[in-house]
Structure formats: structure tokens, C-alpha cells
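Here's the structure we're looking at; comments come further down.
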Amino acid sequence: MRYKIALQQSEEGYSASVPGLPGCWSQGTTEQEALENIQDAIHEYLAARDELLTGAVVREVEVAS
């Protein structure tokens, strides 16, 4: 699965967030480190989300843009 990320550089390094996954963010000293860290954060975010949905009835809806 592919996610768009927002990557921002600062004096301390790079921060990365995932607009499609609210609250999913990470950082790194280098751009490469930030990209690796956000991949880990996405995996952890999705695992936590799946845990929260255990036992729930899940449906999908299509939204036209």
C-alpha cells in the first residue's frame, strides 16, 4: 500500500507526517532516516487501528470527489 507523506526540513532534521492517517508522524536527522521512521510509524499506526476494530462490523463506502 502507498501513502502520501508530508516531509518538512528544519534545523534539527526532517519531520514526516501522513495526511491520510491523522496523528501518524515521525522524524529523523536525515531525509532517509525520516522516511524509514515514517514507514515504521505507518505499520504501528495500522496495527493499532486494526486492534481497535477487533469485533466491529466494518464496511466500506465510496465517495466521489
Side-chain angles (χ1 to χ4, degrees):
M1 192 169 250
R2 297 176 67 88
Y3 289 93
K4 289 184 181 182
I5 64 161
L7 189 64
Q8 295 183 323
Q9 186 177 12
S10 70
E11 292 180 11
E12 292 84 27
Y14 291 84
S15 65
S17 62
V18 186
L21 302 175
C24 185
W25 64 273
S26 192
Q27 60 189 14
T29 305
T30 64
E31 182 177 341
Q32 183 61 37
E33 183 180 24
L35 292 173
E36 291 170 4
N37 290 344
I38 196 64
Q39 287 176 327
D40 291 340
I42 291 169
H43 286 290
E44 292 176 20
Y45 184 103
L46 295 176
R49 181 204 59 192
D50 290 346
E51 236 180 81
L52 290 172
L53 294 176
T54 300
V57 176
V58 178
R59 302 277 193 256
E60 291 184 4
V61 297
E62 186 171 333
V63 178
S65 56

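These values consider heavy atoms only, across backbone and side chains, with no hydrogens, waters or symmetry-generated copies.
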Return all side-chain donor-acceptor pairs below 3.5 angstrom for residues 13-28, not counting sequence neighbours, or 'none' if the list is empty.
{"from": "Y14", "atom 1": "OH", "to": "Q9", "atom 2": "NE2", "distance (Å)": "3.3"}

### Task
Please list, chain by chain and in numerical order, all residues satisfying side-chain hydrogen bond (donor to acceptor under 3.5 Å, both in side chains) with S10, sequence neighbours excluded.
E12

### Message
Once rounded to the nearest 0.5 Å, what's the spacing between atom CE of M1 and atom CD1 of I42?
### Response
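Spacing of CE (M1) from CD1 (I42) equals 10.5 Å.
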
### Query
Once you round to the nearest 0.5 Å, how far does CZ of R49 lie from OG1 of T54?
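Answer rounded to 0.5 Å: 11.0 Å.
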
